[in-house]
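Next up is a structure, given as structure tokens.
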Amino acid sequence: MALSPLNQRRWRNFRRNGRAFWSLIIFMVIFTVTLFAEFIANDKPILVSYRGELFTPVFNFYPETQFGGDFRTEAIYGDPEVKCLIASGGIEDCFDDPEGIIEEIDAGTFAADDFYKGWALWPIIPYSYRTTVDRPGAAPLAPNSQNWLGTDDTKRDVLARVIYGFRLSIVFTLCVTAATSVLGILAGAVQGYFGGWLDLVFQRVIEIWSATPSLYVIIILFAILGRSFWLLVFLMILFGWTSLVGVVRAEFLRARNLEYVRAAKALGVSNLTIMFRHMLPNAMVATLTMLPFIVTGTIGALAGLDFLGFGLPSSAPSLGELTLQAKQNLQAPWLAFTAFFTFAIMLSLLVFIFEGVRDAFDPRKTFS
């Protein structure tokens, strides 16, 4: 669908803002990569060939018995015996000397006979965010060729947790920001357009609601209902929707007595059409000015809750929990550097993008 002339002008303005445009490109590349985190960092192979059949452990559950093992639990694909079973086609000698059989297969001296030699296609990082790394030494372990950013204090790969944690933070922020923006714009538009007693009562409700200690409520509800991603999203929306109300309300209060609004009313245009087709576009610059603060505030709130231990479940790949580990393990500076640069890059890119969007909607600004 072709863009309208107005939106074409906005897109041209955004593209001419080099900092915002390149921030968008870099952010989209990073976010797109993290969307496929299971194919980049995982303790399960992407694809397995066994006895002429193909299996996809990333998507499906396969017991060890599927590959000639003894247990009906899910196969541990990094275990030497399972690797040997897959490579040899299920030979029983794998239980006696799995590494020796694998060496024979790699050297080409293994007698296949009736068995089919199998293979496994692994991700670049053979660890998930919850995988315990098999490395000697006391955790946290320093970076090396096996763990590019080292491990945390429970020997989990830091790079894998950053990839999953980046995706989780952005998805969380997008959900919360989208919902709070819609609710805040609706509430502010209704207050500013109709005014009077509706505006007065609504303002008192917002004042009382804004004074509610949200952190205490989150802690209490988590203690009763348990910690979960969607519960935290709901609570953040519940306490965050008021952030845009004041800005939108002020813009609608200013615009409701302008001539084009009076003319539209005189022509019998409906209130909804006047509010969202004619008045809202004029309020978008002020609204978009607040979005960077909402986005960065949401990411900071999630990280702060995780840092305090009242955020996502402990098993989740949390960047706030990585920051807490950096504080508790000062002898492992790679944890602090990783947490700092991850947040710095993420927040800087998002702020630059939203600044560009705001300026693109502002008719007073053009870029050469």
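The figures that follow rest on heavy atoms only: side chains count, while hydrogens, waters and symmetry mates do not.
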Compare all side-chain heavy atoms of Y164 with those of E38 and state whether any distance is below 4.5 angstrom.
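Yes, at least one pair of side-chain atoms sits under 4.5 Å.
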
Test item: D70 and T65 side chains (from C-beta on) under 4.5 Å apart, heavy atoms:
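No, side chains not in contact.
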
Trace of the ring-ring contact (aromatic ring centres under 6.0 Å, His included) decision for W119 with Y50:
CA-CA 7 Å; W119 49 265; Y50 176 77; over 10 Å; no

Using the ring of F21 (Phe, Tyr or Trp, six-membered ring only), decide whether R15 places NZ or CZ under 6.0 Å from its centre and within 45 degrees of its axis.
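Ring-cation test returns yes.
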
Output the distance between atom CD (E251) and atom CG (L280), rounded to the nearest 0.5 Å.
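Here the interatomic distance stands at 10.5 Å.
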
What's the spacing between L244 CG and L291 CG if we round to 0.5 Å?
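That separation rounds to 6.0 Å.
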
Examine the side chains of Y77 and D43 and answer whether a donor and an acceptor come within less than 3.5 Å of each other.
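Side chains of Y77 and D43: no pair found under 3.5 Å.
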
Can you tell me how far the SG atom of C175 sits from the CH2 atom of W230, to the nearest 0.5 Å?
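Reported value, rounded in 0.5 Å steps: 4.5 Å.
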
Less than 4.5 Å apart, any side-chain heavy atom of V182 and any of W241?
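The answer is no, as the side chains (C-beta and beyond) never meet within the 4.5 Å cut-off.
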
Side-chain heavy atoms under 4.5 angstrom apart, residues restricted to Ile, Leu, Val, Met, Phe, Trp, Tyr: same cluster for F341 and F31?
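Different clusters: F341 never reaches F31 through Ile, Leu, Val, Met, Phe, Trp or Tyr contacts under 4.5 Å.
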
Are the side chains of L121 and P45 in contact, using a 4.5 Å heavy-atom criterion?
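No, their side chains stay 4.5 Å or more apart.
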
Taking side-chain contact (heavy atoms from CB on, under 4.5 Å) as the criterion, tell me which of L231, L305, V217 meets it with F222.
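For F222, the side-chain contact (heavy atoms from CB on, under 4.5 Å) test succeeds with only one of L231, L305, V217, which is L231.
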
Applying ring pair (Phe, Tyr, Trp, His ring centres under 6.0 Å), name anything that partners F55, two or more places apart in sequence or on another chain.
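Ring pair (Phe, Tyr, Trp, His ring centres under 6.0 Å) list for F55, sorted by chain: Y62, F67.
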
Please enumerate all residues that pass salt bridge (Lys or Arg N to Asp or Glu O under 4.0 Å) together with R135, with sequence neighbours excluded.
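Result, salt bridge (Lys or Arg N to Asp or Glu O under 4.0 Å) vs R135: none returned.
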
Going by side chain to side chain donor-acceptor pair (under 3.5 Å), name the residues that satisfy it together with R156, two or more places apart in sequence or in a different chain.
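Partners of R156 under the side chain to side chain donor-acceptor pair (under 3.5 Å) test: D152, T154, E321.
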
Does the R161 side chain pair with the main chain of A316, one donor and one acceptor, at a distance under 3.5 Å?
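Checking the backbone N and O of A316 against the side chain of R161, a donor-acceptor pair under 3.5 Å is found.
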
Can you sort out the partners of D153 under side chain to side chain donor-acceptor pair (under 3.5 Å), two or more places apart, ordered by chain and number?
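Per chain and number, D153 pairs via side chain to side chain donor-acceptor pair (under 3.5 Å) with Q325.
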
Are side-chain N/O atoms of N147 and T151 paired as donor and acceptor at under 3.5 Å?
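Per modelled atom types, N147 and T151 side chains form no pair under 3.5 Å.
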
Run R358 and E355 through salt bridge (Lys or Arg N to Asp or Glu O under 4.0 Å) and show every step you take.
CA-CA 5 Å; R358 177 200 64 193; E355 282 184 350; 5.1 Å; no

For T177, does its backbone N or O pair with a side-chain atom of T180 as donor and acceptor, under 3.5 Å?
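Here the side-chain-to-backbone pair exists.
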
Go through the structure and list residues passing side chain to side chain donor-acceptor pair (under 3.5 Å) with E207, not counting sequence neighbours.
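Here the qualifying residues are R204.
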
Taking the six-membered ring for Trp, are F39 and F36 parallel (under 30°), tilted (30 to 60°) or perpendicular (over 60°)?
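Rings of F39 and F36: tilted, as their planes differ by 30° to 60°.
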
For T212, check side chain to side chain donor-acceptor pair (under 3.5 Å) against everything at least two apart and list the hits.
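T212 satisfies side chain to side chain donor-acceptor pair (under 3.5 Å) with no other residue.
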
First locate atom CD of Q191, then atom CD of Q203, and finally report the distance between them rounded to the nearest 0.5 Å.
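The distance works out to 4.5 Å.
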
Can you find a heavy atom in the side chain of N17 that is under 4.5 Å from one in the side chain of N13?
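They are not in side-chain contact.
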
I'd like to know whether CD of E259 has more than 12 heavy-atom contacts from other residues, nucleotides or ligands below 6.0 angstrom.
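It does not: E259 CD has 12 such atoms or fewer within range.
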
So with a 6.0 Å cut-off around CG of D134, is the heavy-atom count from everything else above 12?
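Open: at most 12 neighbouring heavy atoms sit under 6.0 Å from CG of D134.
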
Closer than 3.5 angstrom, by distance alone: can the side chain of S243 be matched with the main-chain N or O of G240 as a donor-acceptor pair?
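Yes: the side chain of S243 pairs with the backbone of G240.
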
Between the side chain of N144 and the main-chain N/O of Q146, is any donor-acceptor distance below 3.5 Å?
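The answer is yes, because a donor-acceptor pair under 3.5 Å joins these two groups.
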
For the residue pair S128 / T131, report whether a side-chain donor-acceptor contact shorter than 3.5 Å exists.
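No pair is found: no donor N or O on one side chain lies under 3.5 Å from an acceptor on the other.
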
Ring centroid separation for W22 and F352, is it under 6.0 angstrom?
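No; F352 has its ring centre 6.0 Å or more from that of W22.
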
